[in-house]
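Some notes on the structure that comes next.
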Amino acid sequence: MILGSHLSIAKGYKKAGEIAVDMGANTFQFFTRNPRGGKAKALDMEDIQALRDIMEEHHFGPLLAHAPYTLNLASGKEDVRTFGKNMLRDDLDRMEQLPAYLYNFHPGSHVKDGVAVGVERIVTALNEVMNGDETTTILLETMAGKGSEVGGNFGELKSILSEVAYPEKFGICMDTCHVYDAGYDIRGNLQQVLDEFDSVLGLEKLRAIHLNDSKFGLGSHKDRHAGVGEGKLGLDFLLEILGHEPLRDVPFFLETPYDDEGHKREIALLKERME
Ligand code: FE
Ligand code: FE
Ligand code: ZN
């Protein structure tokens, strides 16, 4: 089982690794820079080596980097897309120096131009930014379908993956809160949803899972995360997906509305119940 939570790298990568170990985690997710955008800090290679050592000593699974929320490649505004493309290129360059090879981003919002136009803009931007030499796997996150978000169903994600220049460099990060909010009844029938995922996208594309409970119900399109066992998905479901045999090599990341101490308690609870 590869399980961790989202945590801050504000105090450095080594510190983040230490916090993860203290939490009983064997991975973590981090923002590549301030989630609202802005300039990323220069990389301290000694600090990064210290994280590599921690990861090796504690047998970590893959880490997941998350792009800032301000990245919107589907925007109708050219300056927003340019800002996003520059950030993405910079992040992909930095990823080559980090002990992480999974990079997750929200496909974007088309505002009112429609999904097809949004998909087209995302594909064009990705193809402009990438050169095919990246060693990173870029993950599109499944979205709740709030507002004009692209990626609220598997077909929309597939339409992006089938048009990018380097499809082998892409995968999907499934957020349990988002897919449930989007109308996929993973709680009622996990296998059926995974079968649909497999037939549309291919299960081998599922490279990370955001393990969140959901404040609102099936198809609510709200995107409000709840703590483990404190939402409509419930503890039994979260344990079911965590223990689902075909997903045993996929890393799970908590993005529940708690701090490191809260995540530590949730990880302890999940691990205890998984035994
Ligand atoms: Fe996300
Ligand atoms: Fe998420
Ligand atoms: Zn969310």
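We number each residue from 1, following the sequence as shown. Atoms within each ligand, like the ligands themselves, are counted from 1 in listed order. Please read all numbers here as calculations on a predicted model, not as lab measurements.
Between His210 and His66, the ring-plane angle classifies as parallel under the 30° and 60° cut-offs. Ring orientation note: the planes of Phe154 and Tyr184 are close to parallel, at an angle under 30° on the 30°/60° scale.
Electrostatic pairing of Lys271 and Glu275 does not count as a salt bridge here, judged by no charged N lying under 4.0 Å from a carboxylate O. The residues Asp181 and Lys146 are annotated as not salt-bridged, no charged nitrogen and carboxylate oxygen being separated by less than 4.0 angstrom.
Legend: residues meeting ring-ring contact (aromatic ring centres under 6.0 Å, His included) with Phe216, ordered by chain and number and at least two apart, are absent.
Side-chain atoms of Thr142 come within 3.5 Å of backbone atoms of Asp175 as a donor-acceptor pair (strictly under, hydrogens ignored). Although no hydrogens or angles enter the test, the distance criterion places no donor-acceptor pair under 3.5 Å between the side chain of Gln192 and the main chain of Leu190.
The Fe ion (ligand 2) forms the vertex of an angle spanning ND1 of His210 and OD2 of Asp175; to the nearest 10 degrees it equals 100°.
When the Fe ion (ligand 2) is compared with the N/O/S atoms of Glu255, atom OE1 turns out nearest. Looking only at its N/O/S atoms, Glu141 has OE1 as the one nearest to the Fe ion (ligand 1).
Not one N, O or S atom of His178 sits under 2.8 Å from the Fe ion (ligand 2).
The ring of His106 has its center closer than 6.0 angstrom to the ring center of Tyr69.
Distances shorter than 2.8 Å separate the Zn ion (ligand 3) from the protein N/O/S atoms His178 NE2, Asp223 OD1, His225 NE2.
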